[in-house]
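Beneath this line is the structure, given in structure tokens, with notes to follow.
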Amino acid sequence: MKLRIMRVVTLLVAIAVKVAFGGGGGSDTFTDVYVMEDGREWRYSLSDDKATLLSAPAALDGVLDIPERFEQHPVVAIASSAFAGRDDIVQLTIPDTIQTIGSDAFQNCSGLIELTIPDSVQTIGEGVFAGCTALEKLTIPFVGESRDSYESSASVLGYIFGKSPSDGSMQAYQKYKYTYPKETHTISHSVCYMPTNLSAVVVTDATSIGFGAFSGLEYLKTVQISGRASEVGQYAFYGCTRLESVSLADGVTTIDAHAFDGCINISTEAIASFPRSVTYIADYAFLGCTKGLAEIRLWEGVETIGAYAFANCSGATNVHVSASVTNIETYAFLDCIGIESLTIPETVLTIGYGAFGCCTGLKTLTIPFIGKQRGGTDSEQSVLGWLFGSQYRREGTEHISQSYRYVFPSFSTSYCYMPIGLEEVVVTDETMVGFGAFSGCAHIKEITFRGMVENIGGYLFNGASNLEVVRFFCDAPSVSDSSFHGCPASLVLKVARGSTGWGVDIPGTWNGLRIEYIDVGAELPEIATDDEVWAMVAEFADARIAEYITTKSEYNAFRGWARTLKGTGDSAAMTEAVKASGTAWLSFALDSPVLVAREIAKEDV
């Protein structure tokens, strides 16, 4: 049985309520309604046949469900401070008729552990959850005051937690916009007090994840975002030091500058799960993600890796650059000291200055070309040092000079800090190798050219004092008189079977250097067979392996290609893509798998 008592409030109060909730036309007279249900009192304000909840009765065993309707009136709003101080509420259900939640509505609801705000809500007032110190998980339709909030203190998560300190909360500084001009720019901040228990946030209907949306929230561990957002904005998760997992909605195309800067615990799995719609990783996007990223595994779809995008991801021991990538910008992988082997796919068109600077653990590097781009010659952009840069120096690097051009009577020289552990370089798709490309590289022992190299420049290996072998998976290229000037006398040159060499018998001697054919029997390392790999690509095997695999790193690269093939589930399409590429490396992958398996199975290998 219900007992209803109605009274008419003054015009002044009515106007105040209308202003608070953005009321438009209609009657200026509001009616407060007290509804008694089973001895429990609900209080509403009515206007234009719609109800605003002003207060609610005590929760039953910690549970309270807000009604969708009062009689024929939909409940569309929760008034400011409607539940303030209600420590009896542990579980609260908000119906999808609610469109507006007033400021401080749940202030100091200290028993509330989890709450879902439905997608029907259009605006959320400031400090709605101030003092909700037990809150562990929050589901909201958007971040901030409304879906339209943009680069203001009302467009970050802290807006709904307010600026008042309480026990169990922590002060956080959230970035929310640049103040231009950019040359003298500053970043505006807002201050909020976040519950330290809050570890999970779900955003169900985001139209944007704006500048600094979650920045500075140190206790967040997981964030899940759905909706129509097309980018993760600048500084969106900056400094979220406990953040481990982020799920992004399909349709996101950009990870903007500094988006995950300082998220030291974000995981390999989190990044690998990003939607394939993301094509652009902006500058500094994952700067300093030092612990959680054991592997940087980029998904198919990424086209650009911005400057310093993964700088100081020092915990990463492996990097997988997807075949969709075309551009790698300046110092993209600076200080990734744990990486030992790095392969850059042939789809890449440009590599920025110092892209692999101070990667002091690097031992093997596979690149499509030398320097900035294919075909570069006689400039500081056409030598290996371009990839390491000269701006940063770390222990484990060596300052070297590289001659890239000779203009009588002197050499033009560039400088870099090269990892002293780098011993092997494989170049997969270069046709012209410029003057001095490997000059001064005293620690490199093996260099392999997989592409159809036609010409190599002068002083190519000058000063490469520990160089042991150079392989050409093609006919012997055109050389100049000085191409091998300054090489160690013990250097062995190896060419593909059938090569005419440089007019000498093979094996033999040319210009005092030993020249041989590449011999798989002697050079294939002892590695276990991988039946799964061979089975999935067996249909492609009809050529010899001797001209192709010679090192363990090349074998591992091949295994990676084979697993990629398996992942596509479309071997015919992959076959056509391989054939269309016309590159030596992909041709090798297409032609050789079964023969590889046979060679590995031999006792004498």
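- Counting only heavy atoms from C-beta outward, the side chains of Met418 and Leu384 approach each other to under 4.5 Å.
- Looking at Thr204 and Gln224, their side chains never come closer than 4.5 Å, going by heavy atoms from C-beta outward.
- A 4.5 Å side-chain heavy-atom check between Pro368 and Arg374 finds at least one atom pair inside the cut-off.
- With His73 contributing its side chain and Asp49 its backbone, the two residues share a donor-acceptor pair below 3.5 Å.
- The closest donor-acceptor contact from the side chain of Asp261 to the backbone of Tyr238 lies at 3.5 Å or more, if one exists at all.
- Gln174 places a side-chain N or O within 3.5 Å of a backbone atom of Ala213 that can act as its donor or acceptor partner.
- For Asp256, there are no salt bridge (charged side-chain N to carboxylate O under 4.0 Å, His left out) partners two or more places apart in sequence or in a different chain.
- Without hydrogens or angle criteria, Ser267 side chain to Ala270 main chain gives a donor-acceptor distance under 3.5 Å.
- Between the side chains of Tyr193 and Gln171, at least one donor N or O sits under 3.5 Å from an acceptor N or O.
- Among Leu248, Leu243, Ile209, the one residue that satisfies the side chain to side chain contact (heavy atoms under 4.5 Å, CB included) test with Val223 is Leu243.
- The only member of Phe333, Phe237, Phe260, Tyr308 that meets ring-ring contact (aromatic ring centres under 6.0 Å, His included) when paired with Phe286 is Phe260.
- Side chain of Ser80 to main chain of Gly102: no donor-acceptor pair is present (N/O by atom type, distance under 3.5 Å, no hydrogens or angles).
- Judged by distance alone, the side chain of Arg40 and the main-chain N or O of Ala58 form a donor-acceptor pair under 3.5 Å.
- Residues Ser120 and Asp96 bring no donor and acceptor atom of their side chains to less than 3.5 Å of each other.
- Within the 6.0 Å centre-distance limit, the rings of Tyr235 and Phe211 are counted as a close aromatic pair.
- Note on Arg276 versus Asp250: no salt bridge recorded, every NZ/NE/NH1/NH2 to OD/OE distance being 4.0 Å or above.
- No donor-acceptor pair closer than 3.5 Å links the side chain of Thr279 to the backbone N or O of Glu303.
- Between Tyr353 and Tyr331, the ring planes are perpendicular. Angles over 60° get that label, and only those under 30° would be called parallel.
- For the side chain to side chain contact (heavy atoms under 4.5 Å, CB included) criterion with Ile117, the lone passing option out of Ile101, Val128, Thr139, Val202 is Ile101.
- The closest side-chain donor-acceptor pair between Asn327 and Thr350 falls under 3.5 angstrom.
- Qualifying side chain to side chain contact (heavy atoms under 4.5 Å, CB included) partners for Ala130, counting only residues two or more places apart in sequence or in other chains: Gln107.
- With sequence neighbours left out, Asp335 forms a salt bridge (charged side-chain N to carboxylate O under 4.0 Å, His left out) with Arg394.
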